[in-house]
Amino acid sequence: MNSAFRYLQERGAIENTTSDDLAEFLSTPRSFYIGFDPTKNSLHLGSLVGIVVAKLLQRYGHTPHLLIGGATARIGDPSGKTAEREKISEEQIEGNVTRLRQFFFKLFPPTDDANSPKILNNHAWFSQLSAIDFLRDLGKDFRLGPMLSKESVQIRLQGEGMSFCEFAYPLLQAQDFLHLFQEEVTLQIGGSDQWGNMVSGIELIRRKQGKKARALTFPLLTSADGKKLGKTEQGAIWLDESLLSPYGFYQSLLQVGDQDVLVLLKLLTFLPLDQIDSIEKQMDLPDAIPNRAQTILAQEVTRFVHGEEGLVRAMRATEIARPGKSAALTGDALAAMAQDLPCVDLDNIVGLSFVELALRAGLVRSKSEAARLVKSRGAYLNNQRVEKPDYTLSQEDLVDERFVLLSSGKKNRRIVRLTKNS
């Protein structure tokens, strides 16, 4: 078996390192950390790259420390930001910390092994640090020249400027690494946008401890055309099902393009590389199954994030909601799907035209759009194609007298749940 470093390289999961000896360094068990600021109550798909890298390092015997930035979230990392973040309330931060902790416990359950994961909150040590201590013991080790030369700072200085609060963020992240280094955490991993902050931590450790720390970055999740992945027209692809159902998450991954799916199979799944190579070869065959690679990606990532139960729910909803499917829908099936598909409550829909119902349900933005959808043969009612824009709903169209399923093509679906019927 290759070393952890070589294996991550082969998966395209290493972008930069601070040390040429990292391959040798990772040939023996080490403790490492990766940080996540709880500025939201959920991480998104882009965050999953770091989580997968951490899991892979753990499989090679290294000990992950998942650091939740309960303190640093109160400041906000300016990296990649063109404007200062809005201030988050103490209650929001504490709630976000709790949600992230629960999420990490699910993905990194404690084990009896020596490399059992640790979940930490940097508020534990920053809450003990006074302003005077911060300036005297930490601030004096940083010089303005290098800090001002950072790209993230220069971009902001050319625009609306940057507050001292944000300007000091790299010092706080550096202090995280110093604190953890004293607990024998010798490696930091993070996205490539964290490079400057990570180097600051390594330099602080050198100054304070006279010792060498190391860091590696993984690539940000981007498509072949350079756009950030992890977001859709509807918003971020969240990992918490309270913000995005397993079905919605699964569907987002099914929509990945052929030019990106192989990269994501390497970065977001634990499939062996030879299996991914086999998938790639099958994509080029004349009789290749359409979207097979995307289906494997969706299944693997959904299972990891939402568990086997979440995957089953997502696949069941996908199959039942497939336009043109001949199997009869049932009220029980649609009631279960309402947990995963967009669902709207309406009353007195019998007698409405399909165009009017599609508008009220939010399937389309206008009646003219609904009419065009029907004419282009992309409109479905209960999985059956609607042939006429003025099709009028009857009592027989109601599934179990309480549901109808609307579809716009293969991706956009709505369940209409009746609150009252005339």
Side-chain angles (χ1 to χ4, degrees), residues 11-13 44-49 51-52 55-56 107 221-225 227-241 244-327 329 333-334 336-337 339-342 378 380 383 405 407-415:
R11 298 189 79 95
H44 54 75
L45 190 68
S47 310
L48 202 57
V49 179
I51 292 172
V52 170
K55 290 289 287 187
L56 289 171
L107 297 189
L221 208 58
T222 57
S223 62
D225 59 5
K227 295 180 180 178
K228 275 191 176 183
L229 288 173
K231 291 189 175 182
T232 66
E233 292 180 359
Q234 290 73 40
I237 303 175
W238 299 110
L239 305 185
D240 191 306
E241 72 172 278
L244 183 65
S245 70
Y247 167 79
F249 185 78
Y250 183 88
Q251 287 295 313
S252 297
L253 293 166
L254 283 181
Q255 295 170 30
V256 170
D258 286 347
Q259 69 275 23
D260 299 316
V261 67
L262 295 169
V263 172
L264 297 191
L265 282 169
K266 293 177 181 178
L267 291 178
L268 299 182
T269 79
F270 303 96
L271 292 176
L273 288 170
D274 57 355
Q275 186 174 343
I276 296 175
D277 289 341
S278 176
I279 293 170
E280 180 178 13
K281 292 176 182 176
Q282 291 178 33
M283 289 174 66
D284 296 329
L285 296 177
D287 58 348
I289 301 173
N291 294 323
R292 178 175 179 271
Q294 284 85 346
T295 300
I296 294 172
L297 174 70
Q299 290 175 352
E300 292 294 320
V301 180
T302 304
R303 180 186 290 111
F304 177 52
V305 173
H306 294 292
E308 194 66 39
E309 180 182 350
L311 174 61
V312 170
R313 283 170 51 193
M315 293 179 66
R316 182 178 65 233
T318 296
E319 178 61 19
I320 293 175
R322 180 159 52 88
K325 183 176 172 61
S326 58
L329 295 171
L334 287 175
M337 288 166 54
Q339 302 176 47
D340 299 293
L341 286 173
Y380 291 84
N383 289 333
L405 174 64
S407 305
S408 170
K410 297 181 179 180
K411 300 177 182 179
N412 188 13
R413 301 175 181 86
R414 292 286 188 282
I415 291 177

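Quick note: residue numbers are just sequence positions, from 1. Values reported hereafter were calculated over all heavy atoms of this structure, with side chains retained and with hydrogens, waters and symmetry mates removed.
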Trainee: Any chance you could measure L271, atom CG, to D277, atom CG, to the nearest 0.5 Å?
Mentor: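 So the CG of L271 and the CG of D277 are separated by 11.5 Å.
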Trainee: Quick test of your reading: applying salt bridge (charged side-chain N to carboxylate O under 4.0 Å, His left out), list the pairs with at least one residue in residues 279-301, sequence neighbours left out, ordered by first then second residue.
Mentor: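 Every salt bridge (charged side-chain N to carboxylate O under 4.0 Å, His left out) pair that includes a residue of residues 279-301, provided the two are not neighbours, is E300-R303.
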Trainee: Is any side-chain heavy atom of T295 closer than 4.5 Å to one of I289?
Mentor: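 No, their side chains stay 4.5 Å or more apart.
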Trainee: To the nearest 0.5 Å, what is the distance between OH (Y247) and CZ (R316)?
Mentor: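 Taking OH in Y247 and CZ in R316, the distance rounds to 12.5 Å.
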Trainee: Stepwise, does the side chain to side chain contact (heavy atoms under 4.5 Å, CB included) test hold for R11 with V52?
Mentor: CA-CA 11 Å; R11 298 189 79 95; V52 170; 5.9 Å; no
Trainee: When rounded to the nearest 0.5 angstrom, what is the spacing between CG in L239 and CG in L244?
Mentor: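 One gets 9.0 Å once the value is rounded to the nearest 0.5 Å.
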Trainee: What residue pairs, at least two apart or across chains, pass ring-ring contact (aromatic ring centres under 6.0 Å, His included) with a residue in residues 253-283?
Mentor: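 Found F270-F304.
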Trainee: Only counting residues at least two apart or in another chain, list the ones meeting side chain to side chain contact (heavy atoms under 4.5 Å, CB included) with N291.
Mentor: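 In terms of side chain to side chain contact (heavy atoms under 4.5 Å, CB included), with neighbours along the sequence ignored, N291 is linked to Q294.
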Trainee: Quick one: list whatever passes salt bridge (charged side-chain N to carboxylate O under 4.0 Å, His left out) with R414, sequence neighbours left out.
Mentor: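 For R414, no residue satisfies salt bridge (charged side-chain N to carboxylate O under 4.0 Å, His left out) once neighbours in sequence are set aside.
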Trainee: Using the side-chain hydrogen bond (donor to acceptor under 3.5 Å, both in side chains) criterion, which residues pair with S278? Sequence neighbours excluded.
Mentor: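 For S278, the residues satisfying side-chain hydrogen bond (donor to acceptor under 3.5 Å, both in side chains) (neighbours in sequence not counted) are Q282.
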Trainee: Just wondering, do L45 and L253 contact through their side chains at under 4.5 Å, heavy atoms?
Mentor: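 In short, these two side chains touch, coming nearer than 4.5 Å.
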Trainee: Distance check, rounded to the nearest 0.5 Å: N383 atom CG versus R413 atom CZ?
Mentor: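 One finds 8.0 Å between CG of N383 and CZ of R413.
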Trainee: Under the rule for ring-ring contact (aromatic ring centres under 6.0 Å, His included), what residues qualify as partners of F249, not counting sequence neighbours?
Mentor: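 F249 satisfies ring-ring contact (aromatic ring centres under 6.0 Å, His included) with H306 once adjacent residues are dropped.
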Trainee: Once side-chain hydrogen bond (donor to acceptor under 3.5 Å, both in side chains) is applied, what residue pairs with a partner in residues 264-275 remain, sequence neighbours excluded?
Mentor: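 Qualifying pairs, neighbours excluded: none.
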